[in-house]
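Below is one structure; the comments refer to it alone.
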Protein chains: 2
Amino acid sequence: MGDPAIESLGPFWETVVNNCNVGREHKKSFIPFKLEGEILGYIHPRFWERIKRFEKIFFHDPGDLRIGTGNGWITLHPTCNSTGERTRQIDTILRLLENEKNITDWRNELCPVVTRFDGHRYFSIERAALPFFGIKCYGLHMNGFVRMNGKDFLWISRRSKKKKSFAGIMDNMVVAGQTPGGNCKEKLIQKALAKANIPVHMAQKAVSCGHVSYEQCNGLKMKRDVIYCYDLELPPDFLPFNNDGDIEDFKLVSLADVAKLVCTPGQYKLNSALVVMDFLFRHGHIHPLQAGYIRLHESLHSGDNH
Amino acid sequence: MGDPAIESLGPFWETVVNNCNVGREHKKSFIPFKLEGEILGYIHPRFWERIKRFEKIFFHDPGDLRIGTGNGWITLHPTCNSTGERTRQIDTILRLLENEKNITDWRNELCPVVTRFDGHRYFSIERAALPFFGIKCYGLHMNGFVRMNGKDFLWISRRSKKKKSFAGIMDNMVVAGQTPGGNCKEKLIQKALAKANIPVHMAQKAVSCGHVSYEQCNGLKMKRDVIYCYDLELPPDFLPFNNDGDIEDFKLVSLADVAKLVCTPGQYKLNSALVVMDFLFRHGHIHPLQAGYIRLHESLHSGDNH
């Protein structure tokens, strides 16, 4: 087992982990976004400048200055007090912000706002707006692998050039957003068919094998993401085919080649590379004797893990 | 996939994770043990009372009180300045402490003192003394599993009643200490033969699949342990046999049964249970929809990870 082409772990840090978790030192300058006593997210002071005019919805509580709460926190106006009302009012504001180009890559996808995967839904919000509020976001990724002559190969995809995000770059075989609290396996089976034409009876064999996480401050945005990882061993004669237009084509690559790809800046979708690294660790392709093994393994969960 | 018998993750927290990491709130009352500017470990003030009489070796530096270093730190006397000299002098003291019953479970095994697995060796110290100095300690555990009719079964062992530690309780199939910087796979192959009569050609197929860690303050001791995890799929007709007297017998159990065992206080060796939990996560037997999935998965690495 193992792959001699994965010689040094340094490039995984430089190209993947550090960039997935870039800008975390700026987290302290973000303003907490609180509701019902819980921190739902974090808002950049410059984004706050763009939304504070909506004073019937957003409200800046300076906090108790005697106990040093710093920037205080942003919350919703007390009159905006039901799940449905919050969702509707905020959606109206976000559409305005999108028109002004203050929010880009609109997805037309309402996401529940939670503090943990199985937690209470406070309201729902357009997916493109999640990072502007620093709200937790969940995804599913599936490693499709083939074992031939005792060696593992990974199916990877090239994202369509028409995608709004990361167009044309390499990605894992099946990738999807996941609604908090939703049934991950069902969603995975459905997406495996849509993305890679994997029949249901095959996708059912996908094995849940953990999670990766990261936390990223990038300009006005804060991404706090958790990705559930699945493995599916595919028969050598299976050929994937994209059904929903999201994927340009698929390629079956050796693990040495995928390791090189994820370490080449700009080639592989960054957060997806964490999932590849997790696969390499779990399947014995990175060895305890390699300098920095334990810290790198640990770094795959750099986000807040809920 | 998956096992309906693993219904709630609560008992994993209550019986395993919280107990593996018991007493961490007391860490701040331990005194750092520093050498050459690095923190090698942590010493309980009551253990310090027992060793401070050896003033030619151990030295309490109060630190710079202006910058609030609290308890200061314990270090070695400047005259005790070579690796060999430190090892010899400390060994003499430890043997005296063992005679006085201040150190128990003497193993006759010198362990390198490091701050990370691939780091500089400051000196060596008897294994039984590691937790009294809060020095990092490494181990290897192998999950031996059998797949029959699409279901996984784990080989578990019962520790010999003559073992100095955890006599008579259940444990993973192959368990060994690991010298920092040493070749884990070689050691695993050697121990797989000694512990479970697994032939070399079979043990070579064991797959490195990550690590677990914990940090425990228990009376005067602090354990800061990292365990490298390996999986080996065994053929259904393989029967393990112990060669070195450490193991009473082996049992092949369903994952539901091993999950129950690790959740029954006193049945399963505590740190070994973390390795079982890691196996359950990686092989799809714990599901993302189970409440607390992400935090529990993350908790398998609660130690400091170097």
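Residues B:Lys185 and A:His287 form no side-chain contact, since every pair of their non-hydrogen atoms from C-beta on lies 4.5 Å or further apart.
B:Glu298 approaches A:Asn305 most closely through the heavy-atom pair CD-ND2, 3.4 Å. Taking every heavy atom of both residues into account, B:Ser208 and A:Tyr293 meet most closely at OG-OH, 3.4 Å. Across every non-hydrogen atom of B:Tyr230 and A:Pro288, the tightest pair is OH-CG, 3.4 Å.
Ring pair A:His211/B:His297 is perpendicular by interplanar angle, where above 60° counts as perpendicular and below 30° as parallel.
When heavy atoms are compared at a cutoff of 4.5 Å, B:Asp231 does not approach chain A at all. Interface remark: A:Phe279 contributes no atoms to any contact with chain B (heavy atom separation under 4.5 Å).
B:Ile294 contributes atom CD1, which lies 8.0 Å from atom CG of A:Asp118 (distance to the nearest 0.5 angstrom).
In terms of non-hydrogen atom pairs under 4.5 Å with chain B, the most contact-rich of A:Arg282, A:Arg116, A:Gln178 is A:Arg282. Considering only heavy-atom pairs separated by less than 4.5 Å from chain B, the leading option among A:Cys209, A:Gly182, A:Gly119, A:Gly181 is A:Cys209.
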